[in-house]
Amino acid sequence: MNRSTDVASEADPLTALRAATASRHAALDADLPIGAPDASLHDYTAHLALLRAWLAPLEAWLDGYADGPQVDHAARLAQIDADLADAGYTFATTPAGPIWPASASAAYRWGVHYVIEGSQLGGAVLYGRLRDRLAPHPLRYLKGDAAGPGPRWRAFMQALRAGVRTSAEIADACAGACAAFDRILELHQRRCVVRVPAPSGSIAGRDSP
């Protein structure tokens, strides 16, 4: 029996993912204006633009695989676009070259999905904090499904644990999760999201690295 594989079978990939991304998660949360007590609709639209510039290329990349995590993110992008439209904005992107590895393993992609799915949990917290403050804007993206993010997150955790089992797979998943956090941190820190005044303007996200 392979001892490293046997030990890994008892490890929890979610625990490893949380530990691997903890500092990045904290850095992002501490630096986003949407998390401030006085967050405004301006902050929300900038947050949506940042998320879209991050999520759209990820969705296109992940859709190219038949194995590993199979999740449709189109509904989330549609919610982002609808929320931007309600605030008087449209969204435009410039073409981007590939930034995600075509040869990425399924475990690496599970790690990326961990960050995407986790962002929806954070959205539910923000919705509870901002729904009255930013009313009557519907905050579709933050609100999510009628059932809330809990059922989807539980199903995701079960699938991730089934798909990421060995020590090598866990390490690969952690690398993917860290890369996903690094990308959104880069987009935020480099100010790759540019807001143009509504109603005739657009929010342009530069997806290229």
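- What you find for Leu17 and Ala173 is that their closest heavy atoms are CD2-O, 3.5 Å.
- Side-chain atoms of Asp43 come within 3.5 Å of backbone N or O of Ser40 as a donor-acceptor pair.
- With sequence neighbours excluded, no residue satisfies salt bridge (Lys or Arg N to Asp or Glu O under 4.0 Å) with Arg133.
- Between the side chain of Thr21 and the backbone N or O of Arg24, no donor-acceptor pair lies under 3.5 Å.
- Under a hydrophobic-cluster definition in which Ile, Leu, Val, Met, Phe, Trp and Tyr are linked whenever side-chain heavy atoms come within less than 4.5 Å, directly or via other members, Leu121 and Leu51 are assigned to the same cluster.
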| Derivation and outcome, side-chain contact (heavy atoms from CB on, under 4.5 Å), residues Ile116 and Leu62 | CA-CA 11 Å; Ile116 296 173; Leu62 291 166; 3.9 Å; yes
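- In terms of modelled atom types and a separation under 3.5 Å, the side chain of His188 and the main chain of Asp31 share a donor-acceptor contact.
- For the pair Ser103 and Tyr65, the tightest heavy-atom approach, listed with the atom from each and the gap, is N-OH, 4.2 Å.
- Across Ala16 and Ile170, no two heavy atoms sit closer than the pair CB-CG2, 3.5 Å.
- Within 6.0 Å of NE2 in His25 there are 12 or fewer heavy atoms belonging to other residues, nucleotides or ligands.
- Salt bridge status for Arg76 with Glu117: present, with a side-chain N to carboxylate O gap under 4.0 Å.
- With values rounded to the nearest 0.5 angstrom, Ile34 atom CD1 is found 5.0 Å from Leu130 atom CG.
- Residues Asp81 and Arg52 are in side-chain contact: their nearest non-hydrogen atoms beyond the backbone lie under 4.5 Å apart.
- Contact of the Phe181 side chain with the Ser23 side chain is not registered, since no non-hydrogen atoms from C-beta on lie closer than 4.5 Å.
- Using a 4.5 Å heavy-atom threshold, the side chains of Leu126 and Leu139 count as separate.
- Of all heavy-atom pairs between Pro33 and Ala39, the closest is O-CB, 3.7 Å.
- Between Tyr108 and Ala179, the shortest heavy-atom distance links the atoms OH-CB, 3.3 Å.
- The shortest non-hydrogen separation linking Ala106 to Gly68 is CB-CA, 3.9 Å.
- No donor-acceptor distance shorter than 3.5 angstrom exists from the side chain of Asp172 to the backbone of Ala107, with no hydrogens or angles considered.
- Under the 30°/60° scheme for interplanar angles, the aromatic rings of Trp153 and Tyr114 are found to be tilted.
- Between atom CZ of residue Arg140 and atom CG of residue Leu48 there is a gap of 10.5 Å, rounded to the nearest 0.5 Å.
- At a threshold of 4.5 Å between non-hydrogen side-chain atoms, the residues Trp61 and Arg109 count as touching.
- Legend: residues meeting salt bridge (Lys or Arg N to Asp or Glu O under 4.0 Å) with Arg161, ordered by chain and number and at least two apart, are Asp12.
- Between Trp110 and Phe156, the distance from one ring center to the other falls under 6.0 angstrom.
- The distance from the CG atom of Asp86 to the CG atom of Leu41 is 9.5 Å, given to the nearest 0.5 Å.
- One finds the NE2 atom of His47 at 6.5 Å from the CG atom of Leu142 (value rounded to the nearest 0.5 Å).
- Taking CG of Leu160 as the start and CG of Leu14 as the end, the distance is 5.0 Å to the nearest 0.5 Å.
- With rounding to the nearest 0.5 Å, the separation of CG in Leu50 from CG in Leu28 is 7.5 Å.
- Within the 4.5 Å cutoff, the side chain of Pro138 has no heavy atoms near those of the Lys143 side chain.
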